[in-house]
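Structure first, commentary second.
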Amino acid sequence: RPSALGYRFERGSLIGVQAVMQGEHRLGTLYLESDLGDLYARFRLYGLIAGAILLASGFIAYALATGLQRRISGPILALADTARHVSEKRDYSVRANGAPGAELGVLTDAFNHMLGHIERSQTRLQSQLTRLELLRRITRAIGERQDLASIFQVVLRTLEDDLPIDFACACTHESGTQAVMLATVGGRRDGFAAERRLTAGDTVSLDLNGAARCVGGAQVYEPDTRELDFPGVERVAAADLRSLIIAPLVVDNKVFGMLVAARKAERAFSSPGCEFLLQLSEHVALAARQAQLHEALQRAYDDLRLTQVV
């Protein structure tokens, strides 16, 4: 007999029991039972579809997040690592890797540009400190010399070893003459042909070349000696020396000599290098003046002694 009236789920089925009435007289009972297997199967299918969609969405979200992290977080982290390295090591030669995208690319380029500017400033500062130290050493060394030849030798040897340069010489000039003489020549002359070597005692005619301008009191810089056809400069070019600086040695507003520095590479001297050689020539000129005074005093003393002996 059917159970109590109503609807219920039982053993995977929906069961409905309802009385059939006519007036107040009960004619019978309506019993309905529906199998819910198809409905459950559809629910399982919908669940699988929803799970597959969620899983696929998760994979897509992970892939997008990973890609965006490489494109956004990666460059920022790399930039932070570079900044940390610079801060800890004081190494301004490192550069951050280029980042894709307009904003991150501009940020990275600006950061690298800042590092490059700092590196160049540090290099210039270190170069200036090195030149100042070199100038101090040379000034101290020549201050201990009492003759012009030894002063020139110390200056040229130090320049060739520490600046460095490929050729250096010191010239003297007698007022009223149209030539300069190579008083002292540095020792670094390897690689020059024997017949083209510049040796002490050689004379160079002033004409209109760089030496003539230097005798007038101006510093001369020739970035490429091959572009000139003056006799004196041609001798330097023939010795495979491409760039040349000539700094005057001035005492009492008169040029008594000049300091010459040359390198094999063309345009090898920078503005700070030219300024350094000009400053050095001023110190050498002062030392030379002291040496001349010492020699004059020594001659006067010797003459006085000879007078006393007679």
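- A 6.0 Å sphere centred on CZ of Arg42 holds no more than 12 heavy atoms belonging to other residues, nucleotides or ligands.
- With sequence neighbours excluded, the residues satisfying side-chain hydrogen bond (donor to acceptor under 3.5 Å, both in side chains) with Glu133 are Arg136.
- In terms of hydrophobic clustering, with Ile, Leu, Val, Met, Phe, Trp and Tyr side chains grouped at heavy-atom distances under 4.5 Å, Leu79 and Val86 are assigned to a common cluster.
- To the nearest 0.5 Å, atoms OH (Tyr221) and CD1 (Ile245) are separated by 6.5 Å.
- By the 6.0 Å contact criterion, NE2 on His85 is enclosed, its count of non-hydrogen atoms from other residues, nucleotides or ligands being greater than 12.
- Partners of His283 under the side-chain contact (heavy atoms from CB on, under 4.5 Å) rule, at least two apart in sequence or in another chain, are Leu135, Thr139.
- Under the rule for a side-chain contact (heavy atoms from CB on, under 4.5 Å), the partners of Tyr301 that lie at least two apart in sequence or sit in another chain are Gln298, Arg305.
- When all heavy atoms of Ala262 and Leu241 are compared, the pair lying nearest together is CB-CD1, 3.8 Å.
- With sequence neighbours left out, the salt bridge (Lys or Arg N to Asp or Glu O under 4.0 Å) criterion links Asp81 to Arg84.
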Just distance, no hydrogens or angles: give the donor-acceptor pairs under 3.5 Å from side chains in residues 268-281, sequence neighbours left out.
unit_1: Ser270; atom_1: OG; unit_2: Gly273; atom_2: N; d: 3.4
unit_1: Ser281; atom_1: OG; unit_2: Pro248; atom_2: O; d: 3.3
unit_1: Ser281; atom_1: OG; unit_2: Leu278; atom_2: O; d: 2.6

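- Evaluation of the salt bridge (Lys or Arg N to Asp or Glu O under 4.0 Å) rule for Glu119 yields Arg95 as partners, not counting sequence neighbours.
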Give the C-alpha distance, both sets of side-chain angles, the deciding distance and a yes or no for side-chain contact (heavy atoms from CB on, under 4.5 Å) between Tyr92 and Arg90. CA-CA 6 Å; Tyr92 298 102; Arg90 293 294 188 269; 3.7 Å; yes
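- The shortest side-chain heavy-atom distance between Ile246 and Gln219 does not fall under the 4.5 Å cut-off.
- Scanning for salt bridge (Lys or Arg N to Asp or Glu O under 4.0 Å) contacts around Asp35 gives an empty result, with sequence neighbours left out.
- Closest of all the heavy-atom pairs between Ala265 and Ser243 is O-OG, 2.7 Å.
- Each side chain to side chain donor-acceptor pair (under 3.5 Å) pair with one or both residues in residues 244-263, not counting sequence neighbours, appears once here: Asp252-Arg289.
- Closest approach of Val220 and Cys214 over heavy atoms only: CG2-N, 3.9 Å.
- In terms of the side-chain hydrogen bond (donor to acceptor under 3.5 Å, both in side chains) criterion, residue partners of Ser150 (sequence neighbours excluded) are, by chain and number, Asp147.
- One distance of note links CG of Leu156 with CD1 of Ile151; it measures 11.5 Å at 0.5 Å rounding.
- Taking both residues in full, the closest heavy atoms of Ala285 and Val250 are given as CB-O, 3.3 Å, listed atom of the first, atom of the second, then distance.
- Closest approach of Ala149 and Thr184 over heavy atoms only: O-OG1, 4.3 Å.
- Of all heavy-atom pairs between Val260 and Cys171, the closest is CG2-SG, 4.2 Å.
- The closest donor-acceptor contact from the side chain of Ser87 to the backbone of Ala83 lies at 3.5 Å or more, if one exists at all.
- Contact check for Arg26 versus Met21: side-chain heavy atoms found under the 4.5 Å cut-off.
- Every residue two or more places apart in sequence or in another chain that forms a side-chain contact (heavy atoms from CB on, under 4.5 Å) with Tyr7 is listed here: Gln18.
- Of the inter-residue distances, the one linking Gln122 atom CD with Leu115 atom CG reads 11.5 Å to the nearest 0.5 angstrom.
- For the pair His173 (side chain) and Ala179 (backbone), a donor-acceptor distance under 3.5 Å is present.
- When the side-chain contact (heavy atoms from CB on, under 4.5 Å) test is applied to Leu27, the partners found at least two apart in sequence or on another chain are Val20, Gln22, His25.
- Remark: Asp38 CG is loosely packed, at most 12 non-hydrogen atoms of other residues, nucleotides or ligands lying under 6.0 Å away.
- Note: the hydrophobic cluster containing Leu182 also contains Val215 (ILVMFWY, side chain heavy atoms under 4.5 Å, direct or indirect links).
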Go through it in stages, so that I can follow the logic: the residues are Val185 and Phe167, the test is side-chain contact (heavy atoms from CB on, under 4.5 Å), and I'd like the CA-CA distance, side-chain angles, deciding distance and then a yes or no. CA-CA 8 Å; Val185 178; Phe167 175 79; 3.4 Å; yes
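- The hydrophobic cluster containing Leu249 also contains Val251, counting ILVMFWY residues as joined when their side-chain heavy atoms lie under 4.5 angstrom apart, directly or transitively.
- Between atom CG of residue Leu55 and atom CG of residue Leu48 there is a gap of 12.0 Å, rounded to the nearest 0.5 Å.
- For Glu266, the CD atom sits in a packed shell: over 12 heavy atoms of surrounding residues, nucleotides or ligands are nearer than 6.0 Å.
- Put simply, Leu14 and Leu32 are part of two different groups of oily side chains (I, L, V, M, F, W, Y) that touch within less than 4.5 Å, one to the next.
- In the hydrophobic cluster analysis, where Ile, Leu, Val, Met, Phe, Trp and Tyr join through side-chain heavy atoms closer than 4.5 angstrom, Leu107 is grouped together with Phe111.
- The CD1 atom of Ile118 sits 10.5 Å away from atom NE2 of His113, with the distance rounded to the nearest 0.5 Å.
- Expressed to the nearest 0.5 Å, how far CG of Leu259 lies from SG of Cys169 amounts to 8.0 Å.
- By the 4.5 Å heavy-atom criterion applied to side chains, Tyr31 and Ile15 are counted as neighbours.
- Under the salt bridge (Lys or Arg N to Asp or Glu O under 4.0 Å) criterion, Arg120 pairs with no residue at all, not counting sequence neighbours.
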